[in-house]
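Atoms within each ligand, like the ligands themselves, are counted from 1 in listed order.
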Amino acid sequence: MSRFFSDKYAALTPYTPGEQPKDMRYVKLNTNESPFPPCEAVIKAAAESAGLLQLYPDPDCTPLAKAIAKRYGVGYENVIVNNGSDETLNFAFMAFCDKDHPAVFPDITYGFYPVFAMLNGVPYTEIPLKDDFTVDVDAFCGVNKTVFIANPNAPTGVALPLCAIARIAESNPDNVVVIDEAYVDFGADSAVKLTEKYGNLLVVQTFSKSRSMAGARLGYGIGSAGLVADLQTVKYSTNPYNINRMTIAAGLASLENDGFSMANCRMIEENRAFTVRELKKLGFTVLPSLANFIFIRSDRIDGKSLYLRMKEKGVLIRHFDKERICDFNRVSIGSREQMEVFLDTLRTILEETV
Ligand code: PMP
C-alpha cells in the first residue's frame with residue numbers, strides 16, 4: 001500500500017477471483033465458465049463491430065436493451081445493461097444501500113457482496129444458511145435491510161422457490177431486494193416475472209455463464225422503471241460507456257440465437273446429472289444443484305487436499321478457506337469429456353488415499 005491510498009479503503013480486502021492459468025494445461029472447472037464457445041454469429045458480430053472502434057459505443061445500448069426486454073417480456077424502461085453482473089451489483093450497493101439501508105445477505109454466498117459493501121462504506125450483516133445449506137427465508141422476511149440473495153446460491157448451487165422470493169420482497173416494502181440470477185438458466189425459476197408486482201425487486205442476470213460470454217463482460221438488471229432509473233443515474237455518474245461496441249454486438253447476436261445457448265444449458269444439466277450420479281457411487285455428498293456447478297464433499301479426503309491433488313493432476317476445482325465449507329469443493333460442470341477426466345482423476349486420487 002502506498003502512503004497515498006485513501007484511509008477509507010485501508011481495511012478493504014479485495015475479491016479473489018478464481019485462478020486463471022495462462023496455459024491450457026488444466027481441465028478448468030473452477031470459475032463456472034461455459035465449456036462451449038459462443039456461436040459463429042456472435043463471433044462474427046463482434047469482429048464486424050471492431051471496424052467502428054473509433055467511435056464511442058451507445059451508452060444506452062438501445063437495441064440490446066430492447067432485445068433483452070423482449071426476451072423477458074418486460075418494457076425497455078425496465079432494463080439496464082452493464083459490464084457484467086458484478087457491475088450491476090456494485091451499482092445496486094451504491095444506489096440502494098447506506099447507513100439507513102444496510103445490506104444483508106447469507107453467510108455463505110457470492111464472495112463479492114461483502115467486498116462491495118466495504119468498498120461503498122455500507123454496513124452489512126450475514127444471515128447463516130440453515131444446516132442443510134438452504135437460505136433461511138424466514139430470517140430475511142421483514143429484515144428491513146437491502147437484501148442480496150444469489151438464486152441459485154453460490155457456491156452451493158441450491159435454489160429457492162419463487163414463492164420464497166415473493167415473501168421476502170413483500171415483507172420488506174421499504175427496501176430493495178436484489179436477486180442475483182447469474183446461474184438461473186441451468187434449471188431454476190427466474191424471479192423476473194415477479195418484478196411487475198414488486199416494485200422493490202431487482203433481478204440481476206449475466207451473459208457470462210449460460211451464454212458463453214464471460215470474456216465479453218455483459219450483464220443486465222431487470223426491475224421497476226424507478227429502480228432502473230436510479231441505477232442509470234449511478235451508471236451515468238461513473239462510466240456511461242461501460243460496454244464496448246464488440247460486446248454490445250455480440251450480446252445482440254447471442255439473443256438472436258437464443259436456442260443455441262439454451263440447448264447448451266440443457267447439455268450442462270445432463271452432464272451435471274451424470275456427474276452427480278457417479279459422485280454418489282463414490283460416496284460423495286453432493287448438494288442439490290440447479291446451477292452449472294456442484295458443491296461436493298467426501299469423508300474419504302478433506303476438501304483442501306482434494307483441491308491440491310486435483311490441481312497436481314491437471315484438474316482445477318475451487319476450494320474456499322472458510323470455516324463452514326472448507327470440507328467442500330465447488331466443481332463447475334463442463335463438457336462430458338471434461339467431467340469424465342474429472343471423475344477418472346478423482347477415482348485415482350481416492351485409490352491413492354486408501
Ligand atoms: N453473481 C454470482 C453469484 C457469481 O458467481 C458471479 C460470477 N463470479 C457473478 C455474479 C458475476 O458474474 P459476471 O461475470 O456477470 O460479472
Side-chain angles (χ1 to χ4, degrees), residues 14-20 28-34 38 61 64 68 79-94 103 105-117 119 126 129 133 135 147-160 165 177-188 190-191 202-222 231 235 238-239 242-244 247-248 250-251 254-255 261 265 268 287 289-295 316-320 322 325 328-333:
Y15 176 70
T16 315
E19 294 166 87
Q20 291 289 5
K28 218 177 150 300
L29 303 176
N30 67 328
T31 46
N32 300 340
E33 288 143 325
S34 172
C61 307
L64 176 57
I68 294 169
V79 178
I80 179 166
V81 190
N82 286 319
N83 191 302
S85 39
D86 282 341
E87 189 175 56
T88 312
L89 290 165
N90 188 32
F91 286 173
F93 274 89
M94 292 167 82
F105 36 82
D107 63 339
I108 296 166
T109 190
Y110 186 31
F112 227 137
Y113 301 158
V115 179
F116 287 138
L119 178 71
E126 297 175 324
L129 291 185
F133 290 96
V135 170
V147 174
F148 291 83
I149 291 178
N151 195 42
N153 197 11
T156 60
V158 178
L160 282 180
I165 310 277
V177 173
V178 179
I179 303 298
D180 175 355
E181 295 189 347
Y183 302 104
V184 77
D185 289 329
F186 302 98
S190 172
L202 178 73
V203 174
V204 176
Q205 291 200 5
T206 177
F207 281 66
S208 291
K209 321 290 179 181
S210 55
R211 297 180 192 278
S212 303
M213 281 179 48
R217 314 304 303 125
L218 185 60
Y220 48 99
I222 297 180
L231 292 169
K235 163 168 162 162
T238 47
N239 182 10
N242 57 351
I243 306 171
N244 71 73
T247 295
I248 294 175
S254 171
L255 287 175
S261 300
C265 291
I268 294 291
L287 298 190
S289 169
L290 288 179
N292 66 339
F293 56 84
I294 48 179
F295 208 43
L316 276 185
I317 56 178
R318 184 109 196 237
H319 181 258
F320 298 87
K322 193 171 173 173
I325 54 172
F328 282 83
N329 277 287
R330 191 192 70 190
V331 182
S332 306
I333 302 296

| said: If the condition is side-chain contact (heavy atoms from CB on, under 4.5 Å), which residues does S212 pass it with, not counting sequence neighbours? | reply: S34, F36, P38, N264
| task | If you have a sec, work out which protein heavy atom is nearest atom 14 (O) of ligand 1 and how many Å separate them, to one decimal? | result | S208 OG, 2.6 Å
| said: So if I count the atoms of ligand 1 from 1 in the order they appear, which ones are less than 4.0 Å from some heavy atom of G84? | reply: 15 (O), 16 (O)
| F328 CZ to I317 CD1 distance, which is reported to the nearest 0.5 Å | 13.0 Å
| request: Answer with yes or no whether K209 contacts ligand 1, where contact means a heavy atom under 4.0 Å from a ligand atom. | output: yes
| message | With a 6.0 Å cut-off on the ring centroids, do Y110 and Y15 count as close? | response | yes
| task | Taking the six-membered ring for Trp and the full ring for Phe, Tyr or His, determine whether the centres of F293 and F186 are under 6.0 Å apart. | result | no
| request: Return the residue, atom name and 0.1 Å-rounded distance of the protein heavy atom closest to atom 8 (N) of ligand 1. | output: Y110 OH, 3.2 Å
| request: Look at atom 12 (O) of ligand 1 and say which protein heavy atom is nearest, naming residue and atom and giving the distance to 0.1 Å. | output: S85 OG, 3.2 Å
| request: For the residue pair T109 and I149, establish whether any side-chain heavy-atom pair is separated by less than 4.5 Å. | output: no
| query | When you measure from atom 16 (O) of ligand 1 to every protein heavy atom, which one gives the shortest distance, and what is it? | reply | R217 NH2, 2.7 Å
| request: Could you find the nearest protein heavy atom to atom 11 (C) of ligand 1 and give me its residue, atom name and distance? | output: D86 OD1, 3.1 Å
| said: Using side-chain heavy atoms (C-beta onward) and a distance below 4.5 Å, is T238 in contact with M94? | reply: yes
| note | Hits for ring pair (Phe, Tyr, Trp, His ring centres under 6.0 Å) against F105, two or more places apart or cross-chain, chain-then-number order -> Y113, Y124
| Is the closest heavy atom of Y183 to ligand 1 under 4.0 Å? | yes
| query | What residue and atom, counting heavy atoms only, is the protein's closest point to atom 3 (C) of ligand 1, and at what distance? | reply | D180 OD2, 3.4 Å
| message | Can you name the atoms of ligand 1, numbered from 1 with element, that are less than 4.0 Å from a heavy atom of T206? | response | 13 (P), 15 (O)
